[in-house]
Amino acid sequence: MNISDFLSYVKTRQALNTPDIFKFMNEMSDEARRITFQLNTAYHTPEEVRRLLSELFGYTVPASLRVFPPFYTDFGKNITVGENVFINACCHFQDHGGVTLGDGCQIGHNVVFATLNHGLSPEERPITYPAPIVLERNVWVGSNATILQGVTIGENAVVAAGAVVTRNVPANTIVGGVPARFIRKI
């Protein structure tokens, strides 16, 4: 299995449960840990941070991307960021299923993006299922929020600090709470 095969497969949202997939995911996790350990254990200029993130993501990130380490991911190759994105410290990207941050997104401290879920029955819990997370343009996610798999957050929306987003968020709205619910239009 290679990165192209894996990324095509996760788009189907089928179970990640074959020996080839497990082997590939373990190899990619090792690479992601190597790069994130380097990123997170010393001071780096913004240019050096972007260079390391480019290596981690597998493409040249925009020069306008700002990230305050530490930054955590267990895969790294399925994160897409637009222009003028800001990611604050201690964010966690479980990006196997894909995380897309549109232009102008702002991500607060300790935000978690979780693109995998497990089967519910005890026998199925070792099996994971991917689904992408998409933040459209100008989304603001407050500190300590968690965005779950398969969620799209519409343009200009705001996710309140501490929210757990379990379903799609319409554009130009504010959501908050556990699970996140509509608060008001912007």
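Nothing here was measured: the structure is a model prediction, and the numbers come from that model. Note that these values count all heavy atoms, side chains included, but never hydrogens, waters or copies made by symmetry.
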Just wondering, do T128 and N117 contact through their side chains at under 4.5 Å, heavy atoms? no

Between the side chain of D95 and the main-chain N/O of G98, is any donor-acceptor distance below 3.5 Å? no

Before giving the answer on side chain to side chain contact (heavy atoms under 4.5 Å, CB included), spell out for V10 and N78 the whole-Å C-alpha distance, their side-chain angles and the decisive distance to 0.1 Å. CA-CA 10 Å; V10 296; N78 208 359; 3.8 Å; yes

Out of curiosity, F93 CZ to D74 CG, how far, rounded to the nearest 0.5 Å? 11.5 Å

Main chain of R184, side chain of T173: is a donor-acceptor contact present, judged purely on distance under 3.5 Å? no

Please lay out, stage by stage, how F182 and I174 fare under the test side chain to side chain contact (heavy atoms under 4.5 Å, CB included). CA-CA 6 Å; F182 173 82; I174 300 172; over 6 Å; no

Under a 4.5 Å cut-off applied to non-hydrogen side-chain atoms, are T73 and H92 in contact? no

For a 4.5 angstrom cut-off between non-hydrogen side-chain atoms, does I147 reach I153? yes

Would a single hydrophobic cluster contain both V99 and I35, if residues Ile, Leu, Val, Met, Phe, Trp and Tyr are joined by side-chain heavy-atom contacts under 4.5 Å? yes

Determine, step by step, whether I133 and T100 satisfy the side chain to side chain contact (heavy atoms under 4.5 Å, CB included) criterion, reporting the C-alpha distance in whole Å, the side-chain angles of both residues, the deciding distance to 0.1 Å, and the verdict. CA-CA 6 Å; I133 294 170; T100 300; over 6 Å; no

For a side chain to side chain contact (heavy atoms under 4.5 Å, CB included) check, start with the C-alpha distance between I107 and F86, then their side-chain angles and the critical distance, and finish with the verdict. CA-CA 6 Å; I107 311 302; F86 174 69; over 6 Å; no

Taking atom CZ of F24 and atom OG of S29, what is their separation to the nearest 0.5 Å? 9.5 Å

Indicate whether any N or O donor in one side chain lies under 3.5 Å from an N or O acceptor in the other, for N110 and S143. no

Answer yes or no: is there a donor N or O on one side and an acceptor on the other, between the side chain of E124 and the main chain of G119, under 3.5 Å? no

Flag yes if V134 and L148 sit in one hydrophobic cluster, no otherwise; membership is Ile, Leu, Val, Met, Phe, Trp, Tyr, and two members link when side-chain heavy atoms are under 4.5 Å apart. no

Taking only Lys NZ, Arg NE, NH1 and NH2, and the carboxylate oxygens of Asp or Glu, determine whether R50 and E55 approach each other closer than 4.0 Å. no

Which distance, rounded to the nearest 0.5 Å, do you find between the NE2 of H118 and the CZ of R125? 10.0 Å

To the nearest 0.5 Å, atom CG of L53 lies from atom CD of E48 at 12.0 Å

To the nearest 0.5 Å, atom CD of Q106 lies from atom CG of N84 at 10.0 Å

Report yes or no: does D103 contribute a side-chain atom to a donor-acceptor pair with the main-chain N or O of E83 at less than 3.5 Å? yes

Would the number of heavy atoms belonging to other residues, nucleotides or ligands and lying under 6.0 Å from CZ of R167 be above 12? no

On a heavy-atom basis, the closest approach of H96 and L116 is ND1-CD1, 3.7 Å

Would you indicate whether the side-chain heavy atoms of C91 and V112 approach each other to under 4.5 Å? no

Test item: H44 side-chain N/O and Q38 main-chain N/O as donor-acceptor pair under 3.5 Å: yes

Applying a strict under-4.5 Å side-chain criterion to I, L, V, M, F, W and Y, I'd like to know whether L135 and V175 cluster together. yes

Nearest heavy atoms of A157 and V169, plus distance in Å: CB-CG1, 3.9 Å

If we ignore hydrogens and angles and just use 3.5 Å, is the side chain of N40 paired with the main-chain N or O of F71 as donor and acceptor? yes

Do you know the tightest heavy-atom contact between T80 and Y59? CA-OH, 3.3 Å

Would you mind reporting whether F68 and R66 have side-chain heavy atoms less than 4.5 Å apart? yes

For N156 and I186, which heavy atoms make the closest approach, and how far apart are they? O-CD1, 3.1 Å

Between Y9 (side chain only) and I21 (backbone N and O only), is there a donor and an acceptor less than 3.5 Å apart? no

Should the pair K23-E27 be classified as a salt bridge under the 4.0 Å nitrogen-to-oxygen rule? yes

Does the side chain of T115 pick up a donor-acceptor pair with the side chain of Q149 at under 3.5 Å? no

Tightest non-hydrogen contact, residues M28 and I3, listed as CE-CD1, 4.3 Å

Under 4.5 Å between side-chain heavy atoms, hopping through other hydrophobics if needed: is there a path connecting L7 to L16? yes

Centroid separation F6 to F75 less than 6.0 Å: yes

V111 with V158, same ILVMFWY side-chain cluster at under 4.5 Å: no

Nearest-0.5 Å distance, CD1 of residue I79 to CG of residue L101: 8.0 Å

Under 4.5 Å between any side-chain heavy atoms of R13 and P132, yes or no? yes

Can you see which heavy atom on V85 is nearest to which on G104, and at what distance? CG2-N, 4.3 Å

